[in-house]
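Chain letters run A, B, ... following the sequence lines, proteins first, then strands; residues in each count from 1. Given the structure is predicted, the values throughout are model-derived calculations rather than measurements.
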There are 2 protein chains.
Amino acid sequence: MAKKPTVYDVAEQAGVSIATVSRALRKPESVRQATRESIETAVQQLGYVPSGSARSLAARKTGIIGLFLPNVDELETLSDFELTDHDTAEIHVDRPVTGRIHRDSLYFDHVLRGCELEAWSQGLSLMVSIGQGRGESDVNQMVHDMIGKVDGVIILARSVPDRLIESLVKRIPLVMVADAPIGGEKSMDLVRVSNRKGMCTLVEHLVDAHQIRSFIYMAGPDDSPDNHKRYVGFQEGLAARGISPESIPIYRGKFSRPTAKKITQDLIERGDLPQALVCANDQMALGALDALTQAGLRVPDDVIVTGFDGIEESDTSHPRLTTVRQPMVNLGRAAVSTVVKRIEHPDDPPYSTEMPVSVLLRESCEGVLEAIPAA
Amino acid sequence: MAKKPTVYDVAEQAGVSIATVSRALRKPESVRQATRESIETAVQQLGYVPSGSARSLAARKTGIIGLFLPNVDELETLSDFELTDHDTAEIHVDRPVTGRIHRDSLYFDHVLRGCELEAWSQGLSLMVSIGQGRGESDVNQMVHDMIGKVDGVIILARSVPDRLIESLVKRIPLVMVADAPIGGEKSMDLVRVSNRKGMCTLVEHLVDAHQIRSFIYMAGPDDSPDNHKRYVGFQEGLAARGISPESIPIYRGKFSRPTAKKITQDLIERGDLPQALVCANDQMALGALDALTQAGLRVPDDVIVTGFDGIEESDTSHPRLTTVRQPMVNLGRAAVSTVVKRIEHPDDPPYSTEMPVSVLLRESCEGVLEAIPAA
DNA sequence: TTGTATGCGTTATCAA
DNA sequence: TTGATAACGCATACAA
């Protein structure tokens, strides 16, 4: 690896001063055409690439945005590996595992892509760290490491301990995605989705289009703000249609497919099925589908099932799941666009953004879509 | 946002020189206990975080590894978005779409996590860019932007144009994941998976355990090296069991679920089904499953179906898919670990690593696993 | 063990 | 339009 050329090398080769080289690169129009061209050739010949460190140091900004993603549990059990060159394959029977959760991975991936996309379109780079799931002192270390290298950070809910976030907000432009630490909702930049409105719209549709009056609500964990807001939306939707929310039974499916399946099976056995089973996320809706299908019941003919999130599997299940899709890519884009604003205007009051969601009506409530003429 | 403190501030507050502060931070043991402590308090009080730029500049290394991911097509059509604060939800009928491809997203996500994991354990940061899918000159720009900021780069196959890669190899430590540009296999660092051995092992199992003699092979695109190696493995497995590979019909499913479904339907109509349908990836195997299930055929009783990749859906389909799982997380870890080696030893001959795969025997070839006693 | 002084590769401010 | 030169914030060789 040859020693890297610097501005000095380029300047010498082009017969100008380093200041001119720097200018030619940053604001080409401030340099005479001829000069510019001779510099460009020198750059080409030498394969010169400006040092990001030097540039950042001098310009007092790095052009990098940091992104903190939550860990996914499957990664905690790290198998060892070695670098070998022999071609091998192990073989074994792989039994079904219950309780594995796939949702997060997809979700974060899309947010990441949204961030990268927007960062790129703004001429910025993206630095990624995966926080929670390691010890708190490790996360602490990672965070400090990162904020030394970036102009601002984006933090996904629950990827970094709350107390750390609060101390960060004072030091560096920071935006929270999906949720703020408890109590911090008014004091920092936020980008979220319309959980409430999404669920509300969905419920209104069920009442209006399908004359549903009897519901069961399958809730997520009590400590999840998403879960809470979705339930509030559920209540609102009912109330708007004159149905008393208090009359609707709630079951706690903990956002988990197997749990929801079990609950649904109980429901079936007891003959307690409602007209519609509204679930706080897709995983649970899929679990409900599993149970109903196994019991020989038809969805939506016998029972309507709906989810929330819009994970990929909601689009490949049988029947496909009516759900509320979160605009995950745009969530990422909005996050970047928000930090950028914060970087430029450190003293603005907190920005708070709600991204609109899409209620996707599919076969699990509509029946055979082919029968419905396209819009 | 208060002006950020520097070493000078810390030094003054602690009553020492900046050199001592620097030492206390880098190699604490080279500083007397008392001094160290007074520096630590100063750091705490001021909320000092070292500047990454300055540190990189002085140390001549950034501690950052760059990662290039391929784009996924869905992101090309960018819907506009705006930052608003009103709670909204649109609602519409969502018809089934054919041909959507989900594989990549998951795959890259896992590789990314592997990279991050390993980078972190080595005290490095990760910078991510999404290459291909934008214009070549854009990618070119992104790449140069990145290599100015990192110590080495990891490039996933097909995320960056070949010619660019070749010019990069000379300038900066670079590792290719999953594949090298054509012709470059011997001249750069590589991390791959055992496509060949995986398929070979799978086929041997089918012959040995299930007495399969009649196969059909569902191939991917001709220009995919992965596809090629899997087919070679397929041939090897057959040959090892005395079956002539030439006698096996090949259909080109282009790695696509709908295509494979169509082909399988044709096969069913013509009554040409084999004992086992071996597919070069999971998507195609799922397509085959779709067709077979619709036709009322039973898998594996009537036909055995196998995939390759180990995508999540292979684990949730009915029946679950026997497949070959690529160690995606470890692929990422190996990639990072390889660039690091290259950074430390710029003049070593090219490193080439094959990661072992796992053949996962599931219901699509084994039948009901519950019936088989656990190991 | 600690301090002094220099260099790292840019950008930016002045002059020219 | 261009050139000298002083920051930028830290690491490190050398001295003390």
Side-chain angles (χ1 to χ4, degrees), chain A residues 2-40 42-43 46-64 123 144-145 147-151 171-172, chain B residues 2-40 42-43 46-64 123 144-145 147-151 171-172:
Chain A
K3 191 184 155 299
K4 293 181 179 153
T6 73
V7 256
Y8 291 95
D9 301 315
V10 177
E12 184 178 348
Q13 175 115 125
V16 297
S17 77
I18 63 163
T20 305
V21 174
S22 181
R23 276 190 219 103
L25 265 41
R26 308 281 110 249
K27 351 161 72 186
E29 68 282 8
S30 73
V31 156
R32 209 197 323 159
Q33 166 112 18
T35 328
R36 194 194 317 161
E37 282 168 1
S38 71
I39 292 180
E40 271 164 12
V43 167
L46 297 171
Y48 168 73
V49 177
S51 149
S53 324
R55 176 174 284 181
S56 307
L57 182 56
R60 262 163 287 258
K61 61 181 178 194
T62 65
I64 307 178
H144 281 89
D145 229 78
I147 67 176
K149 298 176 176 173
V150 303
D151 294 334
R171 307 196 181 299
I172 190 171
Chain B
K3 190 184 156 301
K4 293 182 179 149
T6 73
V7 256
Y8 292 95
D9 301 315
V10 176
E12 184 178 348
Q13 173 116 131
V16 297
S17 77
I18 64 162
T20 305
V21 173
S22 182
R23 278 190 216 100
L25 264 40
R26 311 277 106 255
K27 349 159 80 185
E29 68 281 7
S30 73
V31 157
R32 208 197 322 159
Q33 167 111 19
T35 330
R36 195 193 317 160
E37 283 168 1
S38 70
I39 292 179
E40 270 164 10
V43 167
L46 297 171
Y48 169 73
V49 177
S51 149
S53 323
R55 179 175 283 182
S56 305
L57 183 56
R60 262 163 290 257
K61 61 180 180 196
T62 64
I64 306 178
H144 281 88
D145 228 79
I147 68 176
K149 297 176 177 173
V150 302
D151 294 334
R171 307 197 182 298
I172 191 170

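The minimum heavy-atom distance between A/D9 and A/T6, with the atom names listed, is OD2-N, 2.7 Å. Taking every heavy atom of both residues into account, A/I18 and A/Y8 meet most closely at CG2-CD2, 3.5 Å. Across all their heavy atoms, B/A54 and A/L57 have their closest contact at CB-CD1, 3.7 Å. The minimum heavy-atom distance between A/R171 and B/L46, with the atom names listed, is NH1-O, 4.4 Å. Taking every heavy atom of both residues into account, A/I39 and A/A24 meet most closely at CD1-CB, 3.6 Å.
Between the two ends of the helix from C/dT1-D/dA16 to C/dA16-D/dT1, each summarised by a five-pair axis, the helix axis turns through 30° (rounded to 10 degrees).
At a threshold of 4.0 angstrom between heavy atoms, the contacts of B/V21 with the nucleic acid are absent.
Of the side-chain N and O atoms in B/S51, none sit less than 4.0 angstrom from OP1 or OP2 of D/dG9. Between B/R23 and the phosphate of C/dT1, there is no side-chain N or O to OP1/OP2 separation shorter than 4.0 Å. Taking side-chain N and O atoms only, B/T20 has a distance below 4.0 Å to OP1 or OP2 of C/dG3. At D/dA7, none of the side-chain N or O atoms of B/Y8 fall inside 4.0 Å of OP1 or OP2 (strictly under the cut-off). Proximity of B/T6 to the phosphate of D/dG9: no side-chain N or O atom is located under 4.0 Å from OP1 or OP2.
Proximity note for A/I18 (side chain, C-beta onward) versus C/dT10, C/dT2, D/dT12: the nearest is C/dT10. When the nucleotides C/dG9, C/dG3, C/dG7 are ranked by their closest atom to the side chain of B/A58, C/dG7 comes out on top. Distance from the side chain of B/R32 is smallest for C/dT1 among the nucleotides C/dT1, C/dT4, C/dG9. Of the candidate nucleotides D/dC10, D/dG9, D/dG3, D/dG9 has the atom lying nearest to any side-chain atom of A/L57. Of all nucleotides listed (C/dT1, C/dG3, C/dT11), C/dT1 comes nearest to the side chain of B/T35.
Spacing between atom NZ of B/K27 and atom C1' of D/dT12 amounts to 10 Å, rounded to whole angstrom units. If you take NZ of A/K4 and C1' of C/dG7, they are 18 Å apart, rounded to a whole angstrom. In this structure, the CG atom of B/L25 is 13 Å from the C1' atom of D/dG9, given to the nearest Å. The distance between atom NZ of A/K149 and atom C1' of D/dG9, rounded to the nearest whole Å, is 15 Å. The interatomic distance linking B/K3 (NZ) with D/dA7 (P) rounds to 14 Å, in whole Å.
Judged by closest nucleotide on DNA chain D, A/A54 is the one of B/R60 and A/A54 placed further toward the 5' end. Nearer to the 5' terminus of DNA chain C, by closest-nucleotide assignment, is the contact made by B/E29 (compared with the other of B/A59 and B/E29).
Heavy-atom contacts from other residues, nucleotides or ligands closer than 6.0 Å to CD of A/E12 number 12 or fewer.
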- Message: Apply side chain to side chain donor-acceptor pair (under 3.5 Å) to residues B/S56 and B/S53 and explain how you reach the verdict.
- Response: CA-CA 5 Å; B/S56 305; B/S53 323; over 6 Å; no
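A donor-acceptor pair under 3.5 Å is formed between the side chain of A/T62 and the backbone N or O of A/K149.
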